[in-house]
Amino acid sequence: MIIFGVMLDGWGFVFFYLKCFKQSIWELYSSLVGGSNATFIGCQLRLNLIEEESNPNSWLSLHQSTLMLTGYKNVFQRILSLTCRRSYHESISQTLACSTFSSHSKLSALRSSFFSDPSHCNIRSYQLSTHLHLCHCYSFSCSLSHSSRTTGPMDLKEVLKVLEDLAPLSLAESWDNVGLLVEPIKCRPIKTILLTNDLTDSVMSEAEAMNCDLIISYHPPLFHPIKCLVSKNWKQRLAIRAITAGIAVFSPHTSWDSVKGGVNDWLVGGVGSGKVSVLSQAFSSAPQSHKLEFTTRSQEELNTIMAELKGTNSGINLQHTTVSSETDGFFISLICPDSGLTPSVQTLLQHATPSQSLSILQVKKRPLPGYGQGRLSVLDEPVTVAAAVQRMKSHLGLNHLRLALGAQQTLESIVSTVAVCAGSGGSVLNGVKADLYITGEMSHHEVLDSVAAGASVILSDHSNSERGFLAVFKKRLAGHLSNSVTVALSRADRDPLEVV
């Protein structure tokens, strides 16, 4: 049986019960109406489960789970467990934190990749492995241990796991310096977390005064490699102060930019709703793999080669498919990671038939839809440039913005497409066809190029295009932590530039 628990703010728990019959697809539709704490219009849950008939253990794969929620309040959906026959139990959970800027949210694409070991499924095709790391690693999810808020203490490792689940560090750009940057010598429970866009001396003083245990600084205070740790350098001094006070420092930076529902999605939502796409696509962080294709003359030769391959690739999971032919013997397609390529090829070259038929192909990494740098929105309702400016002022909480009108454009020109990139977006926005660019900063010549191409440009200053997301993330993070943990926004954090 499968039991789903849906926790709605102010509603408690509603349990859906579904008894598994031996059929290919089960569908459950439920409607919830009412609620004094939320204007909740409806809830539709569609669940498709596929049973692998060839599997003697009758494993169930989670093929697709789609949750459509409509309402004003934040709603947290948790899939509590997936229970299979033969008494085997795999726990999975998925949390959807609805943005306050949108009344629609969708939870989808949970697949069989949730199983930690694909060999459990006993499916002979390598295709299952190619789905790994696609949905499991890149979604706003949290472990079952945090599916409901507890009151017990949390240590640093547990909090870091939650942060990784919310925005995997593998999404960060290769040049970035993200993750745990400062770790205290003595471990202590995490009771207070301070969110800031930049870690400065004033923010550190604020953290010390409130006995903070963890600072999450969007921008990494330590970026370049250091050869010494001295107090005369202000960034190194911050690290020394953090270590002395026993405060851990974590930075997510571009992983928050890339993740679906992150900084860039928040930023583009300020202009209005629309069809949003990614400007610079993110790809799966799965290790690079290769496909080796070869033939053997007999089943005996195939068994011998596969035994040798497993022996030379100890600890490496090799997935393969085999097609037999009465005239041509056996055709084998083998998937191996980059680390197993050399020993696998060396093994195959020792056999006449495989060595003569061997071909090597590099397997492309899968794109992650909705993840990556920058966003392009085709607005549902076009607006004027003037209206877009006013909306962004309200969204960012600013009294002033800088505007460069595109060639032949006026304040009353219509904006149908908007391209955004939080922070310094010149390189990401370069060449993008849109009516309006929104970013924190661009160089003088980048602005001139954009204007000449007909795009108007709104600049807010670097950190002003990012800081507002902290309030969104505060609510999202608090929902995944113990009740004993307090998450606070820095009062001292601000952009260093101001209009005078």
Side-chain angles (χ1 to χ4, degrees), residues 52 55 61 111-138 164 168-180 225 254-255 258 280-325 327-369 371-372:
E52 178 61 49
N55 187 343
S61 300
R111 297 184 183 273
S112 57
S113 57
F114 275 96
F115 292 102
S116 59
D117 185 355
S119 64
H120 288 160
C121 296
N122 293 328
I123 301 175
R124 285 176 288 181
S125 172
Y126 68 84
Q127 294 177 351
L128 179 62
S129 67
T130 64
H131 289 290
L132 294 177
H133 309 285
L134 178 57
C135 301
H136 185 170
C137 298
Y138 302 107
E164 174 68 16
L169 296 177
S170 58
L171 291 173
E173 294 297 294
S174 59
W175 49 261
D176 208 354
N177 188 39
V178 295
L180 184 64
T254 52
S255 66
S258 177
S280 180
Q281 180 68 58
F283 293 86
S284 168
S285 65
Q288 183 64 58
S289 58
H290 304 268
K291 180 190 290 187
L292 306 182
E293 296 179 338
F294 58 94
T295 59
T296 62
R297 292 168 298 179
S298 64
Q299 181 69 53
E300 182 180 358
E301 184 181 28
L302 172 60
N303 293 340
T304 300
I305 292 174
M306 292 309 301
E308 292 179 4
L309 287 171
K310 291 180 180 179
T312 57
N313 291 278
S314 179
I316 297 178
N317 186 25
L318 301 176
Q319 302 286 336
H320 75 282
T321 55
T322 303
V323 178
S324 60
S325 171
T327 58
D328 300 326
F330 296 86
F331 174 80
I332 299 91
S333 179
L334 174 73
I335 299 294
C336 72
D338 190 63
S339 59
L341 178 61
T342 299
S344 296
V345 171
Q346 290 176 341
T347 298
L348 293 173
L349 291 179
Q350 296 175 6
H351 298 268
T353 304
S355 64
Q356 295 173 2
S357 59
L358 178 62
S359 65
I360 304 174
L361 302 172
Q362 188 177 68
V363 179
K364 291 184 177 180
K365 292 188 176 182
R366 289 181 175 270
L368 302 173
Y371 296 81

Under 3.5 Å, is there a donor-acceptor pair linking the side chains of Asp338 and Ser289? no
What's the spacing between Cys336 SG and Leu292 CG if we round to 0.5 Å? 4.5 Å
For the pair Ser258 (side chain) and Gly372 (backbone), establish whether a donor and an acceptor sit closer than 3.5 Å, ignoring hydrogens and angles. yes
Check step by step if side-chain contact (heavy atoms from CB on, under 4.5 Å) holds for Thr321 and Ile332. CA-CA 6 Å; Thr321 55; Ile332 299 91; over 6 Å; no
Is any side-chain heavy atom of Thr312 closer than 4.5 Å to a side-chain heavy atom of Gln346? no
Can you measure from NZ (Lys364) to CD (Gln288) and round to the nearest 0.5 angstrom? 11.0 Å
Go through the steps for Leu171 and Tyr371 under the test side-chain contact (heavy atoms from CB on, under 4.5 Å), then give the verdict. CA-CA 8 Å; Leu171 291 173; Tyr371 296 81; 3.9 Å; yes
With a 4.5 Å heavy-atom cut-off, do Thr295 and Pro354 have their side chains touching? no
side-chain contact (heavy atoms from CB on, under 4.5 Å), that's the test. Do Trp175 and Thr254 meet it? Break it down for me. CA-CA 10 Å; Trp175 49 261; Thr254 52; 3.8 Å; yes
Looking only at heavy atoms, which two atoms of Ile335 and Lys291 are closest? And how far apart? CD1-CB, 3.7 Å
Is the CD atom of Glu300 crowded by more than 12 outside heavy atoms at less than 6.0 Å? no
Give, for atom CZ of Phe330 and atom OG of Ser298, the distance between the pair rounded to the nearest 0.5 Å. 7.0 Å
For Ile360, does its backbone N or O pair with a side-chain atom of Glu293 as donor and acceptor, under 3.5 Å? no
Keeping the roles fixed (side chain from Asn313, backbone from Leu309), state whether a donor-acceptor pair exists under 3.5 Å. yes
Please step through side-chain contact (heavy atoms from CB on, under 4.5 Å) for the pair Ile305 and His351, ending with a clear verdict. CA-CA 8 Å; Ile305 292 174; His351 298 268; 4.0 Å; yes
